[in-house]
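Whatever order the structure lists them in is the order used to number ligands and atoms, beginning at 1. When reading the values below, keep in mind they use all heavy atoms of this one structure, side chains included, and skip hydrogens, waters and symmetry mates.
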Amino acid sequence: MTRHGSVPGVNDPQTWDVIVVGGGPPGENAAQYAIQGSDRTAVIVEKELVGGECSYWACVPSKALLRPVEVVDAANALPGVRGAALDVAAMLKRRDYFAGHDDTSQVNWANSVGIDVVRGTGRISGDREITVTTSGGGERVLRARHAVVLATGTTAAVPPVPGLREARPWSSRDVTNLHEVPTSVAIVGGGVVACEAAVWLRAMGAEVTMLVRGDALLAKNEPWAGGLVAERFAELGIDVRFGASLSRVSRAEVADTGEGHVHGSPVELTVDGRTLVVVEVVVAAGRVPQSKDLGLPEDALSHGFVTVDDHLTVPGYDWLYAVGDLNGRALLTHMGKYQARICGAVIGARAQRRPLDGPQYLDLADHDKVPQVAFCDPQVASVGITSAEARHRGITVETVEYDLGRVSGAALQRDGYKGRAGLVIDAFRDVLLGATFVGPDVAELVHAATVAVVGEVPLSMLWHAVPSFPTVSEIWLRLLEARGKDS
Ligand SMILES: Cc1cc2nc3c(=O)[nH]c(=O)nc-3n(C[C@H](O)[C@H](O)[C@H](O)COP(=O)(O)OP(=O)(O)OC[C@H]3O[C@@H](n4cnc5c(N)ncnc54)[C@H](O)[C@@H]3O)c2cc1C
């Protein structure tokens with residue numbers, strides 16, 4: 001593979017302007033944005049289902065499972081509402097409606113916007129060239145006139161604990177697609193995937209034990225956020241074990257029952273030298289980039305993730321791009337789609353030999369402006385950097401926190417609303433570097449903070465952004481008042 005290869009002929013039927021390998025949401029968006037408003041052509045190469053992990057095994061099924069849990073919880077905290085309860089069978093049916101393993105509608109969408117779909121596993125076999133291996137073992141060579149975009153995502157990591165892999169643990173795929181609720185589950189991990197799964201499994205009746213290697217849940221957030229989640233998990237009866245060392249796993253019998261479902265005897269885990277026996281183990285211990293068989297040179301990778309510049313271009317290759325989880329910038333669907341929009345604009349501009357002038361061609365948000373929501377109980381919504389990170393960088397930091405339960409809008413939303421919000425402020429520049437909200441339904445609060453962080457709105461101006469009464473958004477007013485008192 002050379003850095004500036006020749007461009008294939010226009011009339012070759014195996015040639016498109018843009019080839020995207022991997023049809024998750026970032027791949028779909030990259031193809032769409034690279035051709036829209038032009039006569040350029042694009043093809044997506046997909047080895048499983050167009051729509052990717054997010055649509056069938058991650059974001060969508062997990063949120064479909066969590067929403068009924070949130071609604072029942074909210075209803076039970078409201079005098080005047082009676083009899084709210086989960087209907088597990090209906091819950092699973094609705095999850096299947098949203099995340100059924102059929103990509104016909106996604107393929108139809110792709111075709112409707114002029115994107116072709118080729119089924120199979122793609123790898124780079126030359127400059128602007130992808131070889132696709134089909135499920136039957138056949139091979140087909142595709143060529144791109146302008147660009148190849150890699151969007152092959154990640155898979156679940158399995159820590160190298162003796163016996164763990166052999167015990168056929170559940171990955172995030174299995175736990176989002178469960179059909180029967182195990183009576184007891186151990187979850188290995190304490191991040192977003194682990195915390196979200198703990199909530200729906202517990203609500204569906206499972207005994208849940210979380211084995212967390214470190215000393216916090218959601219450790220990438222402000223410590224008080226994970227602290228509030230841990231408090232609530234204790235109330236819910238989720239057994240969270242911090243500093244847990246899992247040294248061995250064993251399962252006497254394990255068998256496939258078809259469609260990827262595994263059935264077996266109980267699983268024995270050795271945790272801190274003691275035995276824990278559960279029906280299933282869920283591993284939620286990070287992600288591994290799907291870059292190994294893509295035909296990339298070693299110097300294009302960093303810890304397996306594909307290195308890109310802020311035009312989402314692999315440095316040194318004017319035709320090769322990587323978006324989504326694969327570049328490791330932010331393992332989130334909305335960030336992958338954002339990168340894809342930029343990548344598509346860059347491809348379009350380069351195809352027309354236009355200069356890459358303007359922010360629409362630059363990945364700016366991945367630099368300290370990433371929003372994320374953990375939809376656990378309570379929800380944790382954050383954007384930007386934490387106070388610890390800001391201090392680590394030598395920034396003069398001011399922090400302010402406020403009890404969300406004391407905001408009228410929150411108190412009206414439900415009895416006993418528990419939550420907290422905090423801002424990280426660059427005291428010198430008077431701008432927001434980060435914000436965190438913890439509480440029921442706080443997911444919708446974070447976008448206002450994202451606008452303030454990205455726009456670098458001075459806090460003195462935020463004073464004039466008046467939240468409506470009685471909304472939970474009045475937290476902004478309370479935070480600014482609290483800051484005024486402190487300063
Ligand atoms: C349980 C769970 C819940 C999550 N919830 C959220 C959430 O609520 N919000 C959020 O923003 N993010 C969430 N995420 C993260 C989100 O799923 C990922 O960030 C997102 O799926 C990344 O998209 P992607 O296209 O980069 O990768 P993927 O979605 O993994 O898609 C990659 C695609 O490439 C295909 N592929 C791989 N290799 C090849 C190849 N060689 N040839 C052809 N095709 C190939 C795969 O089959 C797949 O379809 C969650 C993740 C998990 C595990």
Identity and separation of the nearest protein heavy atom to [atom]:
{"atom": "atom 34 (O) of ligand 1", "value": "G22 CA, 3.2 Å"}
{"atom": "atom 50 (C) of ligand 1", "value": "A58 CB, 3.8 Å"}
{"atom": "atom 30 (O) of ligand 1", "value": "E53 CB, 3.4 Å"}
{"atom": "atom 12 (N) of ligand 1", "value": "T333 N, 3.4 Å"}
{"atom": "atom 39 (C) of ligand 1", "value": "T152 CG2, 3.5 Å"}
{"atom": "atom 41 (N) of ligand 1", "value": "G122 O, 3.1 Å"}
{"atom": "atom 31 (O) of ligand 1", "value": "G24 CA, 3.7 Å"}
{"atom": "atom 25 (O) of ligand 1", "value": "P26 CD, 3.0 Å"}

With a 4.0 Å cut-off on heavy atoms, does [X] reach ligand 1?
{"X": "R287", "result": "yes"}
{"X": "S55", "result": "no"}
{"X": "G336", "result": "no"}

Which ligand 1 atoms does [X] reach within 4.0 Å, using its non-hydrogen atoms?
{"X": "V21", "result": "40 (C), 42 (N), 43 (C)"}
{"X": "G324", "result": "26 (O)"}
{"X": "G120", "result": "42 (N), 43 (C)"}

**Complete:** d(L246 CG, L164 CG) to nearest 0.5 Å is 6.5 Å
**Prompt:** Roughly how far apart are W319 CH2 and I19 CD1, rounded to 0.5 Å?
**Reply:** 9.5 Å
Record the part of [X] in heavy-atom contact with ligand 1 below 4.0 Å; permitted values are side chain, backbone, both and neither.
{"X": "K63", "result": "side chain"}
{"X": "L331", "result": "backbone"}
{"X": "A151", "result": "backbone"}
{"X": "K47", "result": "both"}
{"X": "L49", "result": "backbone"}

Do [Y] and [X] meet the salt-bridge criterion of a basic N to acidic O distance under 4.0 Å?
{"X": "E48", "Y": "R173", "value": "yes"}
{"X": "D309", "Y": "R329", "value": "no"}
{"X": "D377", "Y": "R232", "value": "yes"}
{"X": "E389", "Y": "K220", "value": "no"}
{"X": "E235", "Y": "K418", "value": "yes"}

**Request:** I would like to know whether D103 and Y56 meet side-chain contact (heavy atoms from CB on, under 4.5 Å); could you show each step before the answer?
**Result:** CA-CA 9 Å; D103 65 358; Y56 310 99; 3.0 Å; yes
Please determine if [X] has a nitrogen or oxygen closer than 3.5 Å to a nitrogen or oxygen of ligand 1.
{"X": "E196", "result": "no"}
{"X": "S172", "result": "no"}
{"X": "L332", "result": "yes"}

**Message:** Would the distance check show the side chain of E70 and the main-chain N or O of P440 forming a donor-acceptor pair, the cut-off being under 3.5 Å?
**Reply:** no
**Message:** Can you tell me which residue among R143, R145, R350, R40 is in a salt bridge (charged side-chain N to carboxylate O under 4.0 Å, His left out) with D17?
**Reply:**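 By the salt bridge (charged side-chain N to carboxylate O under 4.0 Å, His left out) criterion, D17 pairs with just one of R143, R145, R350, R40: R145.
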**D174 and S171: side chain donor to acceptor below 3.5 Å** = yes
**Asked** Do you see a donor-acceptor pair shorter than 3.5 Å between the side chains of T155 and Q290?
**Response** no
**Prompt:** Who gets closest to atom 47 (O) of ligand 1 by heavy atom: R119, K337, E46?
**Reply:** E46
**Item:** Verdict with supporting geometry, R95 and L178, side-chain contact (heavy atoms from CB on, under 4.5 Å)
**Value:** CA-CA 10 Å; R95 182 272 321 268; L178 83 175; 4.0 Å; yes
